[in-house]
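The structure under discussion appears below in the form of structure tokens.
The model shown is predicted, which means the values in this text are computed figures rather than measured ones. For the numbers below, each heavy atom of this structure counts, side chains included, while hydrogens, waters and symmetry mates do not. Order of listing sets the numbers, starting from 1, for every ligand and every atom in it.
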Amino acid sequence: MSRVFNFSAGPAALPTAVLEKAQKEMVDYRGAGVSVMEMSHRSKEFKSIFDETGNRLRKLMAVPDNYEALFLQGGASSQFGMVPLNLIGLTGKADYVNTGAWSKKAIAEANRYGKVNVVASSEDQTFTYIPELSASMFDPEASYVHITTNNTIYGTVFPKLPEVGNIPLVADMSSDILSKPYDVGKFGIIYAGAQKNIGPAGLTIVIIQKDLLGHALDITPKMFNYQTHADAGSMFNTPPCFAIYMAGLVFEWLEERGGVEAMEEINRRKAKKLYDYIDQSEMFDAPVKGNDRSIMNVPFVTGDEQLDARFIEEAAVAGFKTLKGHRSVGGMRASIYNAMPEEGVDALVRFMEQFEKANS
Ligand SMILES: *Cc1c(COP(=O)(O)O)cnc(C)c1O
């Protein structure tokens, strides 16, 4: 068996130890005689997997008791519609911050259900920064304020959360959930597709303050109403059982490594090594500067498309896979989520050094 260093933005690398454990339990889950994929979601075996996974998530993120943690399907993209369907009816309007392609998709969906006010945008500089935000920019009557905490494509992150007063803050946290501590109590809703920093695609996590349940627009399909899933303990219909099981294994792995605080330290160190190399390099440049730099997604360029293409090709041969930047921005992007070992970043930096020497 040989595993490459996989820098994919998503679905992204999973810890090898987690995959091996799943492999061991694949055919006969702990003596049940069946795989987790073949179990009733109402069986006592699955109930115990489900409860344990939920408890681990709540503990890792220190989710307060007045929040529900829901295990849904549909990806973060479904949440672009579910959030306004469930919340925009509070006042009929909502504030959004536009920091990239995913924010734009969220805005487009919200526009179908109410009045959307885009309070700030970084589109003028191809989303290479996070706009300055102050409390006075938000409409006190907005039903909620929506942000994308980490912008997967452009490699930016909110260096601090905006001051929104009493307006519920809603965050698409798909690409930095569990990468560092977030104070869940500061949010109305946190949502994330699992396939970046949690587990396999197919699972979507929604953490919602209980007060925000029960305000859905009348047109909301039952499956798109958070209340439905809160009432049924995420078992209104068949949940993504196997993905939930895998997420549970990842949560256990995170606990063994010291939890989210410990991950933040490792993640910051990994990102710093890469940015430090890029910043002193004569060949590579990172378009995002300063505190807005993501520690999860690191875009970089040489400024020469042909050289970028050669770098990506030679890197792949050397065992550094999926370094191509998003099709909308080009260049390279190294996604270094929790599961990317520090050795992977060290090895990538050494490879970049060699490439720079050989091509200058
Ligand atoms: C990947 C991603 C999405 C889209 O997620 P799906 O689960 O594919 O719908 C949305 N927002 C962010 C920030 C992402 O990184």
Side-chain angles (χ1 to χ4, degrees), residues 6-14 70-85 96-110 112 118 121-123 126-131 144-159 161-162 169-180 182 187 189-207 223-224 229 234 239-240 242-244 246-247 250 267 271 288 292-299 322 324-329 333-340:
N6 176 11
F7 294 90
S8 173
L14 287 165
L70 308 176
F71 291 80
L72 309 180
Q73 307 196 40
S77 299
S78 288
Q79 295 308 310
F80 297 163
M82 261 175 103
V83 165
L85 278 167
Y96 277 70
V97 182
N98 179 17
T99 54
W102 296 120
S103 303
K104 284 175 87 165
K105 289 189 175 169
I107 290 164
E109 279 300 293
R112 297 149 67 85
V118 178
S121 167
S122 50
E123 193 161 17
T126 32
F127 299 118
T128 50
Y129 72 103
I130 299 292
Y144 59 92
V145 173
H146 182 282
I147 61 169
T148 313
T149 49
N150 185 83
N151 296 276
T152 325
I153 296 173
Y154 306 93
T156 58
V157 68
F158 275 71
L161 296 177
L169 181 62
V170 176
D172 176 357
M173 216 179 260
S174 294
S175 53
D176 72 338
I177 190 169
L178 295 167
S179 70
K180 61 176 181 182
Y182 272 109
F187 296 88
I189 297 178
I190 291 169
Y191 64 87
Q195 69 275 17
K196 275 65 184 248
N197 212 17
I198 293 177
L203 167 64
T204 310
I205 288 186
V206 175
I207 298 171
M223 267 297 284
F224 267 34
H229 299 288
S234 298
F242 193 73
I244 290 170
M246 290 295 294
V250 171
N267 288 330
V288 181
D292 297 348
R293 282 179 164 175
S294 168
I295 58 169
M296 294 280 95
N297 310 98
V298 180
T322 13
K324 199 171 187 326
H326 189 267
R327 60 188 183 278
S328 63
V329 289
R333 172 180 49 172
S335 294
I336 50 175
Y337 301 113
N338 287 345
M340 171 58 63

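Between Phe187 and Tyr182, the two ring planes are perpendicular [angle over 60°; tilted spans 30° to 60°].
Among protein heavy atoms, atom 8 (O) of ligand 1 sits closest to Gln195 NE2, 3.3 Å. For atom 11 (N) of ligand 1, the nearest non-hydrogen atom of the protein is Asp172 OD2, 2.6 Å. Scanning the protein for heavy atoms near atom 9 (O) of ligand 1, the closest one is Ser77 OG, 2.6 Å. Scanning the protein for heavy atoms near atom 5 (O) of ligand 1, the closest one is Ala76 CB, 3.6 Å. Counting protein heavy atoms only, atom 15 (O) of ligand 1 is closest to Thr152 OG1, 2.4 Å.
Less than 4.0 angstrom separates some heavy atom of Thr148 from each of these atoms of ligand 1: 13 (C). Shown in contact with Gly75 at under 4.0 Å from a heavy atom are these atoms of ligand 1, numbered in order with element: 7 (O), 9 (O). Counting the atoms of ligand 1 from 1 in the order shown, those under 4.0 Å from a heavy atom of Phe80 are 10 (C).
Of all the heavy atoms in Ser335 and Asn297, the pair that sits closest is OG-ND2, 2.9 Å. Closest approach of Ile153 and Val329 over heavy atoms only: O-CG2, 4.1 Å.
There is a side-chain donor-acceptor pair under 3.5 Å between Asp176 and Thr149. When only modelled atom types and interatomic distance are considered, Tyr337 and Asn267 share no side-chain donor-acceptor pair under 3.5 Å. For Asp292 and Thr156, the side-chain atoms include no donor-acceptor pair closer than 3.5 Å.
At least one N or O atom of Lys196 sits closer than 3.5 Å to an N or O atom of ligand 1. Every N/O-N/O distance between Gly74 and ligand 1 stays at or above 3.5 Å. Below 3.5 Å of separation, one finds no N or O of Asn150 facing any N or O of ligand 1.
Using a 4.0 Å cutoff on heavy atoms, Met173 does not count as a contact of ligand 1.
With Arg333 contributing its side chain and Thr152 its backbone, the two residues share a donor-acceptor pair below 3.5 Å.
Of the residues Val206, Leu169, Asp172, Ile207, the one that meets the side chain to side chain contact (heavy atoms under 4.5 Å, CB included) test with Ile189 is Val206.
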